[in-house]
**Student:** 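Structure provided below as structure tokens; questions to follow.
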Protein chains: 2
Amino acid sequence: MPRGPVPNVVIRRLPLYLQTLERIAETGQQMVSSTELGNRIGVSSAQIRKDLSYFGEFGRQGLGYEVGNLRHQLKRILQLDQVWHILLVGAGALGHALANYRAFEEQDFAIVAVLDNDETKIGQPIGDLTIEPMANMERAVNENHVEIAILAVPARAAQSVADDLIATGVRSILCYAPITLSVPEHVHVAYVDPVTTLQTMTYYL
Amino acid sequence: MPRGPVPNVVIRRLPLYLQTLERIAETGQQMVSSTELGNRIGVSSAQIRKDLSYFGEFGRQGLGYEVGNLRHQLKRILQLDQVWHILLVGAGALGHALANYRAFEEQDFAIVAVLDNDETKIGQPIGDLTIEPMANMERAVNENHVEIAILAVPARAAQSVADDLIATGVRSILCYAPITLSVPEHVHVAYVDPVTTLQTMTYYL
DNA sequence: GTGTGTGAAACTGTTCACAGCT
DNA sequence: AGCTGTGAACAGTTTCACACAC
């Protein structure tokens, strides 16, 4: 579908374009220019046009982009025109916050099972689900067609749980632990640890 | 202190080096080579040597880097040789998880106050603190010498709260909302929204 | 006039490869 | 032998500037 190889940084920007388009769509605005979109996000108009040009020609010269169409195209490109099933591992404070976070379902992500290794937590309700033992991992992944896992366990457990997840077929992991996972080539990991992020911000203070 | 301009990506990697060094230090290992460090993190040895060379010469030819010294140098470069005071805004499920997250204090970050605009939450305990009204923002920032804020409020409130934070003198914001904040030049924002991150991962599936 | 799409140019970041030290 | 520090080569990314369309 893309014309030529798409830089990684481009993919990271597309969700920002999508979010901003959804905010613009709510106001009823029909058309948007790369300049307006860029100003709202803090990138140049040329960058937006170049990024989009990797996937096609979505705009009209002199007019800009049709908001609804561009939003639709971006959802298609990012494969967000379907619901993705997510397995959440770790039912601590963070796990509970994630299980109750409404933005997932609003954006077509569904947490379909929650696992923890703490005996006292198993069977307890969490969001609309029930906490299950780690031994249920393979069944939870296969029965629900899970391809993405969220890792909300302590750092010392993260690598071992990641290994198990990958063995069951999970190909994408969102990791909250402050640790670099070692994973095979075909697995994608993204890190969202706040401490690591804070540690970069202090440099600039 | 740095020799010449330091690329942003380099700063983002330094915390990974630091975390890995701390894990190595726990084993009692004295020296580490750029090759070993790189293998554990998944970057090339040349990258590590080049990154460190922006700040000085910390290694010894033929031997590698002294673990404790390199750890100390990185903490100094990232200004992590002090405790940073953080203001948490938003006492929902995520705010509670953050207020109870032990890794902050272990890594020399201290949440010193928590604000929320929900009348029913004000006065309630959260972690070791008490939830305060938004009106206390300026006092909380000034009395505690806060320079970093964590924004754990709904997306629709994020920009307005960010504006208030910046007006009180906050220069760094860690934002959990799926929105691009518009801020003046001198303010740094980092985004840790899981939905935005998941939206990039689905591209590769 | 406004605004897109795109090669070319400029800039930024990574890897190579090797001198020099242990 | 093993390893660092670094200029030079290479690769990746952003910006420029302009033809073309509304």
Side-chain angles (χ1 to χ4, degrees), chain A residues 1-14 16-17 20-21 24 29-71 73-74 77 180 200 203-204, chain B residues 1-17 20-21 24 29-74 77 180 200 203-204:
Chain A
M1 199 84 223
R3 303 121 89 100
V6 185
N8 257 265
V9 277
V10 173
I11 304 303
R12 281 206 300 275
R13 281 190 294 265
L14 297 186
L16 307 183
Y17 302 165
T20 307
L21 284 169
I24 291 171
Q29 185 178 328
Q30 297 287 309
M31 301 295 291
V32 67
S33 69
S34 57
T35 306
E36 181 185 354
L37 203 49
N39 286 342
R40 294 185 62 143
I41 300 172
V43 306
S44 73
S45 62
Q47 177 123 82
I48 289 182
R49 295 199 301 278
K50 188 67 132 183
D51 284 356
L52 296 177
S53 77
Y54 285 104
F55 304 98
E57 305 186 9
F58 306 122
R60 298 221 288 144
Q61 289 173 329
L63 298 174
Y65 303 87
E66 205 271 293
V67 175
N69 176 248
L70 187 54
R71 173 174 172 279
Q73 297 292 341
L74 286 171
I77 292 163
T180 307
T200 74
Y203 175 82
Y204 299 100
Chain B
M1 201 80 223
R3 303 123 90 101
V6 185
N8 258 262
V9 278
V10 173
I11 304 303
R12 281 206 300 274
R13 281 190 294 265
L14 297 187
L16 307 182
Y17 302 165
T20 307
L21 284 169
I24 290 171
Q29 184 177 329
Q30 297 286 308
M31 302 295 290
V32 66
S33 69
S34 56
T35 306
E36 181 185 353
L37 203 49
N39 286 342
R40 294 185 62 141
I41 300 173
V43 306
S44 72
S45 61
Q47 177 119 81
I48 289 181
R49 295 199 301 277
K50 189 66 132 183
D51 285 355
L52 296 177
S53 77
Y54 285 103
F55 303 97
E57 306 186 7
F58 306 122
R60 305 229 331 235
Q61 290 172 330
L63 297 175
Y65 302 87
E66 205 271 293
V67 175
N69 176 248
L70 186 54
R71 172 175 174 279
H72 181 263
Q73 296 293 341
L74 286 172
I77 292 163
T180 306
T200 73
Y203 176 83
Y204 299 101

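Convention: sequence-line order gives letters A, B, ...; per-chain numbering from 1.
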**Student:** Using side-chain heavy atoms (C-beta onward) and a distance below 4.5 Å, is A/Tyr17 in contact with A/Val32?
**Tutor:**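 SC-SC contact between A/Tyr17 and A/Val32 ruled out.
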
**Student:** Let me know, please, whether A/Leu63 or B/Arg13 comes out on the 5' side of the other along DNA chain C by nearest nucleotide.
**Tutor:**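 The residue whose closest nucleotide sits nearer the 5' end is A/Leu63.
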
**Student:** Restricting to non-hydrogen atoms, name the atom on A/Thr20 and the atom on A/Arg40 that form the minimum distance, rounded to 0.1 Å.
**Tutor:**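 In this case the closest contact between A/Thr20 and A/Arg40 is CG2-NE, 3.7 Å.
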
**Student:** Rounding to an integer number of Å, can you tell me how far B/Phe58 CZ sits from D/dT6 P?
**Tutor:**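 It is 11 Å, rounded to the nearest whole Å.
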
**Student:** Taking atom C1' of C/dG3 as reference, at what distance in whole Å does atom CG of A/Leu37 sit?
**Tutor:**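 In whole Å, C/dG3 C1' and A/Leu37 CG are 14 Å from each other.
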
**Student:** Reckon A/Thr35 touches a base, only the sugar-phosphate, or nothing at all at heavy-atom distances under 4.0 Å?
**Tutor:**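 A/Thr35: no heavy atom of the nucleic acid under 4.0 Å.
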
**Student:** Measuring to OP1 and OP2 of D/dT15, would you say a side-chain N or O of A/Ser44 lies under 4.0 angstrom away?
**Tutor:**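 Answer is yes, contact under 4.0 Å.
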
**Student:** Let me spell it out: for each of B/Tyr65 and A/Val10, pick the nucleotide of DNA chain D with the closest heavy atom. Which residue's pick is nearer the 5' end?
**Tutor:**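 This one resolves to B/Tyr65.
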
**Student:** Closer than 4.0 Å, any side-chain N/O of B/Gln61 to the OP1 or OP2 of C/dT22?
**Tutor:**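 For B/Gln61, the contact criterion (side-chain N or O under 4.0 Å from OP1 or OP2 of C/dT22) is not met.
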
**Student:** I want to check something: taking the side chain as every heavy atom from C-beta on, are A/Leu74 and A/Leu52 in contact at a cut-off of under 4.5 Å?
**Tutor:**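 When only atoms from C-beta onward are counted, A/Leu52 and A/Leu74 do touch, with a gap below 4.5 Å.
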
**Student:** State, to 0.1 Å, how close B/Tyr203 and A/Pro2 come at their nearest heavy-atom pair, and which atoms those are.
**Tutor:**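 Minimum heavy-atom contact is OH-CG, 4.0 Å.
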
**Student:** NA contact type, A/Ser45, heavy-atom cut-off 4.0 Å: base, sugar-phosphate, or nothing?
**Tutor:**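 Contact class for A/Ser45: none.
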
**Student:** Would you mind telling me which residue lines up with the more 5' stretch of DNA chain D, B/Arg60 or A/Tyr54, judged by nearest nucleotide?
**Tutor:**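 The residue closer to the strand's 5' end, by nearest nucleotide, is B/Arg60.
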
**Student:** Rounded to the nearest Å, what distance is computed from the CZ atom of residue A/Arg49 to the P atom of nucleotide C/dT6?
**Tutor:**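 For the pair A/Arg49 CZ and C/dT6 P, the rounded distance is 11 Å.
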
**Student:** Rounding to a whole Å, what distance do you find between A/Leu70:CG and C/dG5:P?
**Tutor:**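 Interatomic distance, CG of A/Leu70 to P of C/dG5: 10 Å.
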
**Student:** Nearest-Å distance, CG (B/Asp51) to P (C/dG13)?
**Tutor:**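 My rounded result for the distance is 11 Å.
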
**Student:** Quick one: B/Glu57 CD to C/dT22 C1', roughly how many Å, whole number?
**Tutor:**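 Taking CD of B/Glu57 and C1' of C/dT22, I get 15 Å after rounding.
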
**Student:** Output the distance between atom CE (B/Met31) and atom CG (B/Asn69), rounded to the nearest 0.5 Å.
**Tutor:**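 Going from CE on B/Met31 over to CG on B/Asn69, the span is 9.0 Å.
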
**Student:** Measure the distance from CG on B/Asn39 to P on D/dG2 and round it to the nearest whole Å.
**Tutor:**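 Rounded to the whole Å, the gap is 15 Å.
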
**Student:** When the distance from NZ of A/Lys50 to C1' of D/dA17 is rounded to whole Å, what number comes out?
**Tutor:**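 The answer, rounded to whole Å, is 12 Å.
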
